[in-house]
J.: 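Questions regarding the structure given below will be posed in turn.
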Amino acid sequence: MSGNGKTRAIVAVDEKWGIGKKNDLLFRLPLDMKYFREKTDGKTVCMGYNTLLSFPGGKPLKNRKNIVICPEGVERDDVVIVHTLDEMLKTIAADKERGNDVYVIGGAYFYKSMLPFCDEVLVTKVDADGEAEVFFENLDERADFGLASESETFETNGYNIKFCVYKHL
């Protein structure tokens, strides 16, 4: 399998496209967590350093290749470390050449930097205001992305959510 991998962002947003506050998620959504695990399990995930630090114990996600863009001087042996966006793009390209799918998983600045390189964005829309401090680009207002599919509404932990897929046009 050569060159078949895709780059996708995966994100949960509130009704204002908010994604987080205080370096944490806005909501606890068991159904969205299951969706995230199903989509990314066995795949490559890439993220900013603060996203890695926000995980329990600052540990990488299990059963995934974790690529992290880190400040100079940070060294770890439990993740693949890159120090620049260019280095990240080269590392991702090599994974995609091997047929691996790559998922961009945060945070806000990293999403913004990587969005032009994403084939698709998997968006879990939460019908609530999470009073976010950081936001994802509103893909409904961008000419370079189009809504390709939208699930029915599901209830999880008291919230109504929909799973949407946006394709890069």
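All values below were derived from every heavy atom in this structure, side-chain atoms included, with hydrogens, water molecules and symmetry-related copies excluded. Position 1 is the first residue of the sequence, and the numbers go up from there.
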J.: Between the main-chain N or O of Val45 and the side-chain N or O of Asn66, is there a donor-acceptor pair closer than 3.5 Å?
T.: no
J.: Can you list, pair by pair, the side-chain donor-acceptor contacts under 3.5 Å of residues 47-55, counting residues two or more places apart and other chains?
T.:
from  : atom 1 : to     : atom 2 : distance (Å)
Thr51 : OG1    : Gly106 : O      : 3.3
Thr51 : OG1    : Gly107 : N      : 2.8
Ser54 : OG     : Thr51  : O      : 2.6

J.: Would Asp95 and Thr44 count as a side-chain hydrogen bond (donor to acceptor under 3.5 Å, both in side chains) here? Give the steps.
T.: CA-CA 8 Å; Asp95 255 37; Thr44 298; 2.4 Å; yes
J.: Is Asp14 reaching over with its side chain to a backbone N or O of Gly130, donor-acceptor style, under 3.5 angstrom?
T.: yes
J.: Is any NZ, NE, NH1 or NH2 atom of the basic residue among Glu137 and Arg142 found under 4.0 Å from an Asp or Glu carboxylate oxygen of the other?
T.: yes
J.: For the atom pair CG (Asp24) and CD (Glu133), what is the distance rounded to the nearest 0.5 Å?
T.: 10.5 Å
J.: Which pair of non-hydrogen atoms, one from Val104 and one from Cys118, has the smallest distance, and what is that distance?
T.: CG2-SG, 4.1 Å
J.: Other than Tyr109, which residues form its hydrophobic cluster under the rule that side-chain heavy atoms must be closer than 4.5 Å?
T.: none
J.: Can you find a heavy atom in the side chain of Cys70 that is under 4.5 Å from one in the side chain of Arg76?
T.: no
J.: Please check if Val68 and Tyr111 belong to a single hydrophobic cluster, counting links between Ile, Leu, Val, Met, Phe, Trp and Tyr side chain heavy atoms closer than 4.5 Å.
T.: no
J.: Phe36 and Phe27: same hydrophobic cluster, using ILVMFWY side-chain contacts below 4.5 Å?
T.: yes
J.: Is the shortest side-chain heavy-atom distance between Met114 and Ile92 below 4.5 Å?
T.: yes
J.: Is there a path from Val102 to Val11 through hydrophobic residues (I, L, V, M, F, W, Y) whose side chains come within less than 4.5 Å of each other?
T.: yes
J.: Between Arg8 and Asp101, is the closest basic N to carboxylate O distance under 4.0 Å?
T.: yes
J.: Nearest 0.5 Å please: distance from the NZ atom of Lys90 over to the CG atom of Leu85.
T.: 11.0 Å
J.: What distance do Met88 atom CE and Ile67 atom CD1 have between them, rounded to the nearest 0.5 Å?
T.: 6.0 Å
J.: Kindly indicate, with the supporting measurements, whether the criterion side-chain contact (heavy atoms from CB on, under 4.5 Å) is fulfilled by Leu115 and Leu139.
T.: CA-CA 10 Å; Leu115 196 56; Leu139 298 181; 4.0 Å; yes
J.: Is the shortest heavy-atom distance from the side chain of Ile105 to the side chain of Ile10 under 4.5 Å?
T.: yes
J.: Distance from Ile69 atom CD1 to Cys46 atom SG, nearest 0.5 Å?
T.: 9.5 Å
J.: Under 6.0 Å between the ring centres of Tyr166 and Phe145?
T.: no
J.: Is it true that Asp140 and Lys125 make a salt bridge, defined as a side-chain N closer than 4.0 Å to a carboxylate O?
T.: yes
J.: Can you list, by chain and residue number, the hydrophobic cluster partners of Leu169 when the side-chain cut-off is 4.5 Å?
T.: none
J.: Look at atom NZ of Lys65 and say whether more than 12 heavy atoms of other residues, nucleotides or ligands are closer to it than 6.0 Å.
T.: yes
J.: What are the two closest non-hydrogen atoms of Lys162 and Glu152, and how far apart are they?
T.: CG-O, 3.9 Å
J.: Out of Leu25, Leu31, Asp32, which one pairs with Leu29 under the side-chain contact (heavy atoms from CB on, under 4.5 Å) rule?
T.: Asp32
J.: Could you state the interatomic distance from CG (Asn63) to NZ (Lys43), rounded to the nearest 0.5 Å?
T.: 10.0 Å
J.: Over all heavy atoms of both residues, which pair between Ile81 and Glu87 is shortest? Give the atoms and the distance, please.
T.: O-OE2, 4.2 Å
